[in-house]
Amino acid sequence: MKTSSRRLLLAGAGASLLPIGSTFAAGLIATPAQTEGPFYPTAFPADMDNDLVQVRGQAAQAMGTVLHLEGRVLDSSGRAVPGALVEIWQCDAQGIYDHPRQPGRERRDSAFQGYGRMLVDAEGHYSFRTLKPVAYPGRTPHIHFKVATAAGSQLTSQFYIAGDPQNEQDFVFRAAARSPQQRERIEMRLQPASGLEPGALATTMDIVVG
Ligand SMILES: [Fe+2]
């Protein structure tokens, strides 16, 4: 966190003092693009707001550990990207996606929304209430996400849990985390969601679109 804010300050100072095109003007390493994978929804759920743990009209809350995932969508100079649409999707606490290609889909937790989307605010902020991701055969725990900017560019990627021993065996993670700076963009540091929700976790992940 300290490193990112320092880099932001440097990028800001560079932008005001140096001509465009100087090496100082471009400050932030972009979030590495990663595969969409086979489980992007073929049909969106009726409820697709930014609370994936609670499906509208259902009393039950999804199984699993709640994770508050928030951050900002920034450009490489550290400026907010207002108007960006952020989508996330992931499997339920049993490792089951709500998708036709998912074996055992009928056993999925219907109290988990599985997919959510939101527009960032004027400062580029997004936030989701979702689940701490779990592993499923062949993959380390991850949350898929996609960002579409108002200008028409798109980034598809995935977030991981920092320090999960399965990350180093995961071919998608390894291909994306080729430098410490790229790793920082995709590894979520999970902390107790103090004051937000008992028993829940929280993490802040800025998404830097190129
Ligand atoms: Fe996946």
Side-chain angles (χ1 to χ4, degrees), residues 30-55 61-71 73 84-118 126-148 154-178 182-190 200-209:
T31 300
Q34 298 173 65
T35 176
E36 177 178 292
F39 298 117
Y40 183 78
T42 53
F44 297 115
D47 182 8
M48 51 183 182
D49 68 358
N50 65 340
D51 183 354
L52 283 69
V53 178
Q54 192 73 57
V55 174
Q61 173 172 307
M63 296 183 279
T65 303
V66 173
L67 171 64
H68 291 266
L69 164 65
E70 57 94 29
V73 177
L85 179 73
V86 182
E87 301 172 87
I88 68 168
W89 69 101
Q90 65 185 98
C91 61
D92 70 11
Q94 316 161 95
I96 300 175
Y97 282 94
D98 183 12
H99 193 279
R101 289 170 74 174
Q102 171 69 65
R105 182 188 190 186
E106 66 284 354
R107 295 196 317 273
R108 77 182 182 87
D109 177 10
S110 59
F112 182 51
Q113 197 172 291
Y115 168 91
R117 57 161 64 168
M118 71 171 292
Y126 73 89
S127 65
F128 290 96
R129 181 169 176 254
T130 189
L131 296 178
K132 177 187 177 186
V134 300
Y136 57 83
R139 290 303 315 279
T140 194
H142 59 278
I143 297 175
H144 295 269
F145 65 95
K146 207 183 267 204
V147 178
Q154 203 171 72
L155 169 74
T156 303
S157 191
Q158 302 179 29
F159 288 138
Y160 301 86
I161 299 171
D164 191 303
Q166 295 171 90
N167 289 347
E168 306 306 329
Q169 275 82 56
D170 189 279
F171 68 102
V172 186
F173 174 84
R174 282 189 1 216
R178 282 172 300 186
Q182 289 179 318
R183 184 177 281 256
E184 190 185 330
R185 290 274 170 264
I186 58 174
E187 281 186 337
M188 303 184 289
R189 287 170 204 292
L190 306 185
L201 298 168
T203 192
T204 299
M205 295 299 293
D206 288 341
I207 301 170
V208 180
V209 292

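Just follow the structure's listing: the first ligand is 1, and inside any ligand the first atom is 1.
A donor-acceptor pair is defined here as one N or O able to donate and one able to accept, closer than 3.5 Å; no such pair exists between the side chain of Glu36 and the backbone of Thr156. A donor-acceptor contact shorter than 3.5 Å is absent between the side chain of Gln34 and the backbone of Ala176. Within the 3.5 Å criterion, the main-chain N or O of Pro38 finds a donor-acceptor partner in the side chain of His99.
At a cut-off of 2.8 Å, Tyr97 coordinates the Fe ion (ligand 1) through an N, O or S atom. Not a single N, O or S atom of Cys91, from either the backbone or the side chain, sits less than 2.8 Å from the Fe ion (ligand 1). Look at Gln158 and the Fe ion (ligand 1): no N/O/S atom of the residue is under 2.8 Å from the metal.
Vertex the Fe ion (ligand 1); arms to Tyr136 OH and His144 NE2; angle rounded to 10 degrees, 160°.
Of the residues Trp89, Tyr136, Phe159, the one that meets the ring-ring contact (aromatic ring centres under 6.0 Å, His included) test with His142 is Tyr136.
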